[in-house]
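What follows is a single structure, and I will ask about it in a moment.
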Amino acid sequence: MSIVTRFAPSPTGFLHIGGARTALFNWLYARHHGGTYRLRIEDTDRQRSTKEAIDAIVEGLKWLGLDWDGEIVFQFARAQRHAEVARELLAAGKAYYCYCSAEELDQMREAARAAGKPVRYDGRWRDRDPKDAPAGVKPVIRLKAPTTGETIVHDKVQGEVKVANDQLDDMILLRSDGTPTYMHAVVVDDHDMGITQVIRGDDHLTNTFRQLQIYQAAGWEAPSFAHIPLIHGADGAKLSKRHGALGVEAYREMGYLPEALRNYLLRLGWGHGDDEIISTEQAIQWFDLDAVGRAPSRFDFAKLDNLNGHYIRETDDARLAREVAERLGRAGDATLLARLQAGMPGLKARAKTLKELAENAKFYAAARPLTLDDKARGQMTPEARGVLTALRAALAGAANWVAADLEALARGFAEAKAVKLGQVAQPLRAALTGATTSPPIFEVMQVLGRDETLGRIDDCLTA
RNA sequence: GACCCCAUCGUCUAGUGGCCUAGGACAUCAGCCUCUCACGUUGAGAACACGGGUUCAAAUCCCGUUGGGGUCGCCA
């Protein structure tokens, strides 16, 4: 049987990091098994679902490179089908009308809580004659769930998990307005879409018991389940906006590469021996549910940064130059693009994010005269200016404007002056980059070219 | 509160009864490299939550405790 997985987010907000990982695992599992991976938008909550959220989710998935098969399924569009199944269950005696009001239900919950008893519907309409129905009240349809025995989930990650049926109440399938509840819609859709493997967050584990009861009532074969542990914030608490429950577009803005985020997310809750750097191709080859851990993990930006730095160094210079030019607001500037690309080898070893990369590349994009930062200005002592003046004269006669020759020239110059190379290089760095740290300065000179280099030195000397 | 899940260095993890004086990675600290900062590289410190069992042998199996998390909606 061919594998079918799905990612089913509700469009009530952006695609957060936990959702992204769930999508990744579903995608990897399907690709690994040569199956199908589908996307379903769970928009049955009309109040909270928004077009913006749908767009953010779709864009986020595309950016992450998690392409889905077939058309997107919108759950709300299937409301008729959900109602139909609920009515079939009703006709088969597997469900019943319940006329309880919201107030009545609230009282029931209050009383149970006060008495220290489990909070659940007491089934008062379960066996009551429909003739008792109060006039003018639109009923909900509830599942007539088993009251004895137990319901067992054979979870691919959590193992065998069971609960006594008397712990579960008769859940609502169809609301009084005729729309389906989440529990019901999920089951009907997963069945109709032929989903064979459900992979979702741990928070759905206890919901699974109830969903299993619907499968049983409908006489359908349930899919296999795998509940993956949640991702927590750096402090171990539930992920909140403050720690990293950001939309994936926020990670994009912060300068993370999709391949780095994929690698990081993969290693959160899944392992393959001592492997850390795992390409997507390898991930597809290796990924399976048996290696998914059962403990929740914490989101760690330091590790993501390290991974991202690795992927940046692996990325080709042209792509990086384009990213930087775009971040600098100069996407179409061919001259800048060429210069950035030439300077990229020295730049990319020094950045953990594209944002940092762009920040470090600013001096290549800056127009003369440069503004030196405080530390750089501090290095422009009278002695340093003297060294620079003499060096400038020596530089003017350089035959080949290439890094190696320029370095040799500078070394010879320093030796002749009986100063350390650093005493030459640092003032040069300040003049050329406006900072005290930068890529190797002779590489910078080559990238900048003779005229720009000499010009920047002159700017400093005459200032 | 009831029910369910989880528990190895600060963090992510390897480990499926002997190969564990517990391995790797990130982070931290120290050294090397060096024109700065990085990259790279070498090394150091750092963990089986606790208490009982089972067994010749337990990080690995069982029970309990503690601690974390999740669910209990006419939300998803």
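Basis for what follows: all heavy atoms, side chains included, without hydrogens, waters or symmetry-related copies. All chains are named by letter (A, B, ...) in the order of the sequence lines, taking the proteins before the strands, and each is independently numbered beginning at 1.
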Protein and nucleotides 12-17 of chain B: nitrogen or oxygen contacts under 3.5 angstrom:
| residue | atom | partner | partner atom | Å |
| --- | --- | --- | --- | --- |
| rC12(B) | OP1 | R298(A) | N | 2.9 |
| rC12(B) | O2' | R267(A) | O | 2.8 |
| rC12(B) | O2 | K303(A) | NZ | 3.3 |
| rU13(B) | OP1 | G269(A) | N | 2.4 |

**Message:** Side chain of A302(A) only, heavy atoms from C-beta on: which candidate in rA27(B), rC74(B), rA76(B) is closest?
**Reply:** rA27(B)
**Prompt:** Can you name the one residue among T179(A), D189(A), D192(A), T44(A) that meets side chain to side chain donor-acceptor pair (under 3.5 Å) with H82(A)?
**Reply:** D189(A)
**Prompt:** Which residue lies toward the 5' end of RNA chain B, F209(A) or T436(A), if each is placed at its nearest nucleotide?
**Reply:** F209(A)
**Message:** When the P atoms of rC4(B) and rG43(B) are compared, how many Å lie between them, rounded to an integer?
**Reply:** 49 Å
**Prompt:** So what does T179(A) touch, heavy atoms closer than 4.0 Å: a base, only the sugar-phosphate, or nothing?
**Reply:** nothing
**Message:** Determine whether a donor-acceptor pair (one donor, one acceptor, N or O, separation below 3.5 Å) exists between the side chain of S176(A) and the base of rC74(B).
**Reply:** yes
**Message:** Heavy atoms within less than 4.0 Å of RNA chain B: which residues of residues 406-421 of chain A have one? Give them sorted by number.
**Reply:** R411(A), L421(A)
**Message:** Is the terminal nitrogen or CZ of R21(A) (NZ for Lys, CZ for Arg) located under 6.0 angstrom from the six-membered ring centre of F25(A) and within 45° of that ring's axis?
**Reply:** yes
Extract all donor-acceptor atom pairs below 3.5 Å that involve side chains of residues 144-151 of chain A and protein atoms in other chains or at least two apart in sequence.
| residue | atom | partner | partner atom | Å |
| --- | --- | --- | --- | --- |
| T151(A) | OG1 | N165(A) | OD1 | 2.5 |

**Request:** Using the C1' atoms only, state how far rU60(B) lies from rA47(B), rounded to an integer number of Å.
**Result:** 15 Å
**Prompt:** Taking all atoms of both residues into account, what is the closest heavy-atom pair of L61(A) and W68(A), and its distance?
**Reply:** CB-CZ3, 3.9 Å
**Request:** Can you tell me, in whole Å, how much space there is between the C1' of rG67(B) and that of rG73(B)?
**Result:** 29 Å
**Prompt:** Of the residues in residues 425-432 of chain A, which ones touch RNA chain B at a heavy-atom distance under 4.0 Å?
**Reply:** A425(A), Q426(A), R429(A)
**Item:** Nearest-angstrom distance, C1' atom, rU65(B) to rA27(B)
**Value:** 33 Å
**Item:** Contact nearer the 5' end of RNA chain B, comparing Q75(A) with P439(A)
**Value:** P439(A)
**Message:** Measuring from the side chain of L205(A) (C-beta onward, heavy atoms only), which nucleotide among rC5(B), rC74(B), rA27(B) has the closest atom?
**Reply:** rC5(B)
Report each atom pair, protein N/O against N/O of nucleotides 46-50 of chain B, whose distance is under 3.5 angstrom.
none

**Request:** Examine R142(A) relative to Y121(A) and say whether NZ or CZ is less than 6.0 Å from the centre of the six-membered ring and inside a 45° cone about the ring axis.
**Result:** yes
**Prompt:** To the nearest Å, how far apart are D169(A) CG and rC3(B) C1'?
**Reply:** 12 Å
**Item:** Any residue of residues 350-359 of chain A with a heavy atom less than 4.0 Å from an atom of RNA chain B
**Value:** R350(A), K352(A)
**Item:** Separation of the C1' atoms in rC9(B) and rA46(B), to the nearest angstrom
**Value:** 5 Å
**Item:** From V163(A), L143(A), D169(A), V187(A), residue fulfilling side-chain contact (heavy atoms from CB on, under 4.5 Å) relative to R210(A)
**Value:** D169(A)
**Message:** Taking 4.0 Å as the cut-off, does a side-chain nitrogen or oxygen of T181(A) come that near to OP1 or OP2 on rA76(B)?
**Reply:** no
